[in-house]
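This structure is a prediction, so every number in the text was calculated from the model and none was measured. Indexing begins at 1, ligand by ligand and atom by atom, following the structure's order.
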Amino acid sequence: MRLRVATAADVAAIAAIESVSFVDPWPPEAFLGLIGQPHVDCTVAETPEGTMAGYCVVLHAGPEGDLANLATAPEVRGRRVADALLTRALDAAAARGAAALFLEVREGNAPARALYARHGFLPVGRRPRYYRHPTEDALVLRRDLPAPSAAAG
Ligand SMILES: CC(C)(COP(=O)(O)OP(=O)(O)OC[C@H]1O[C@@H](n2cnc3c(N)ncnc32)[C@H](O)[C@@H]1OP(=O)(O)O)[C@@H](O)C(=O)NCCC(=O)NCCS
């Protein structure tokens, strides 16, 4: 699996995974508007054959990053693609000097919660009835990041 920075040419393949991964998917225009922006890290994973396997979107604002989107193609789930994307997102955020990454996750999304727990995300809040279809609370998770000098070393 190869990780690289997303480009506008990836949007159709990203949106295809997005539409089968979420009941309330982002439209392609949302990805198009973010890719290439200086405050955005959008990384894709692709197979050796060049097939899109997953993506991760982090929005940076000052000392904090928001892991706004992460999904992998259903046919490659369980093969550590999200693990690799998340590791890279954490490294990139630390290299930017971010102090912490935040994210929201459905309370009942066991695979995602297990993934984030493995990567050191801790619950810091709850947003009641945050999601639709079905209505469900979001858990807010936080992962502190090492200082840039420590990250570089
Ligand atoms: C959540 C998601 C991104 C995980 O992607 P993935 O590529 O299958 O995950 P990985 O193979 O890298 O798994 C890494 C870890 O995640 C957890 N995990 C992944 N799938 C899991 C499952 N079905 N059940 C329980 N834990 C799971 C485990 O901790 C796993 O570690 P392990 O292999 O040691 O058990 C993927 O299921 C997905 O795209 N889901 C739909 C979109 C979504 O929910 N995104 C997150 C929104 S907050």
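- Those atoms of ligand 1 that come under 4.0 Å of a heavy atom in Ala71, given as number and element, are 39 (O).
- For ligand 1, the atoms closer than 4.0 angstrom to any heavy atom of Val105 are 48 (S).
- Contact annotation for atom 48 (S) of ligand 1: protein present (non-hydrogen atoms, distance under 4.0 Å).
- A side-chain donor-acceptor contact under 3.5 Å links Arg113 to the backbone of Glu107.
- Neither the backbone nor the side chain of Arg106 has a heavy atom within less than 4.0 Å of ligand 1.
- Near Gly78, with a cut-off below 4.0 Å to any heavy atom, the atoms of ligand 1 are 6 (P), 8 (O), 11 (O).
- By the criterion of a heavy-atom distance under 4.0 Å, the side chain of Tyr116, and not its backbone, is placed next to ligand 1.
- Atom 25 (C) of ligand 1 has its closest protein heavy atom at Pro111 CA, 3.8 Å.
- Distance alone, capped at 3.5 Å, is enough to place a donor-acceptor pair between the Glu136 side chain and the Gly108 backbone.
- Residue contacts with ligand 1, taken as heavy atom pairs separated by less than 4.0 Å, do not involve Leu103 at all.
- Nearest protein heavy-atom contact of atom 38 (C) of ligand 1 is Arg77 NE, 3.4 Å.
- Of the possible donor and acceptor atoms, none in the side chain of Asn109 sits under 3.5 Å from a partner among the backbone N and O of Arg106.
- Residue-ligand proximity, Ala114 to ligand 1, at heavy-atom distances under 4.0 Å covers atoms 17 (C), 26 (N), 29 (O).
- With sequence neighbours excluded, the residues that form a ring pair (Phe, Tyr, Trp, His ring centres under 6.0 Å) with Phe31 are Trp26, Tyr55.
- Among the atoms of Ala110, none of the N or O lies under 3.5 angstrom from an N or O of ligand 1.
- Selection from Arg80, His119, Arg118 by nearest heavy atom to atom 33 (O) of ligand 1 gives Arg80.
- Counting heavy atoms from C-beta on, the side chains of Arg4 and Thr43 never come closer than 4.5 Å.
- For ligand 1, the polar-atom distance check finds an N/O of Thr72 within less than 3.5 Å of one of the ligand's N/O atoms.
- Which parts of ligand 1 touch Glu104 is read off a 4.0 Å heavy-atom cut-off, strictly below it: atoms 48 (S).
- Partner Leu59 forms a side chain to side chain contact (heavy atoms under 4.5 Å, CB included) with one of Leu67, Asp66, Asn69, Asp41 and no other, that one being Asp66.
- Residue pairs that meet the ring-ring contact (aromatic ring centres under 6.0 Å, His included) test with at least one member in residues 72-120, sequence neighbours left out, are Tyr116-Phe121.
- Between Ala82 and ligand 1, an N or O atom pair is found at a separation short of 3.5 Å.
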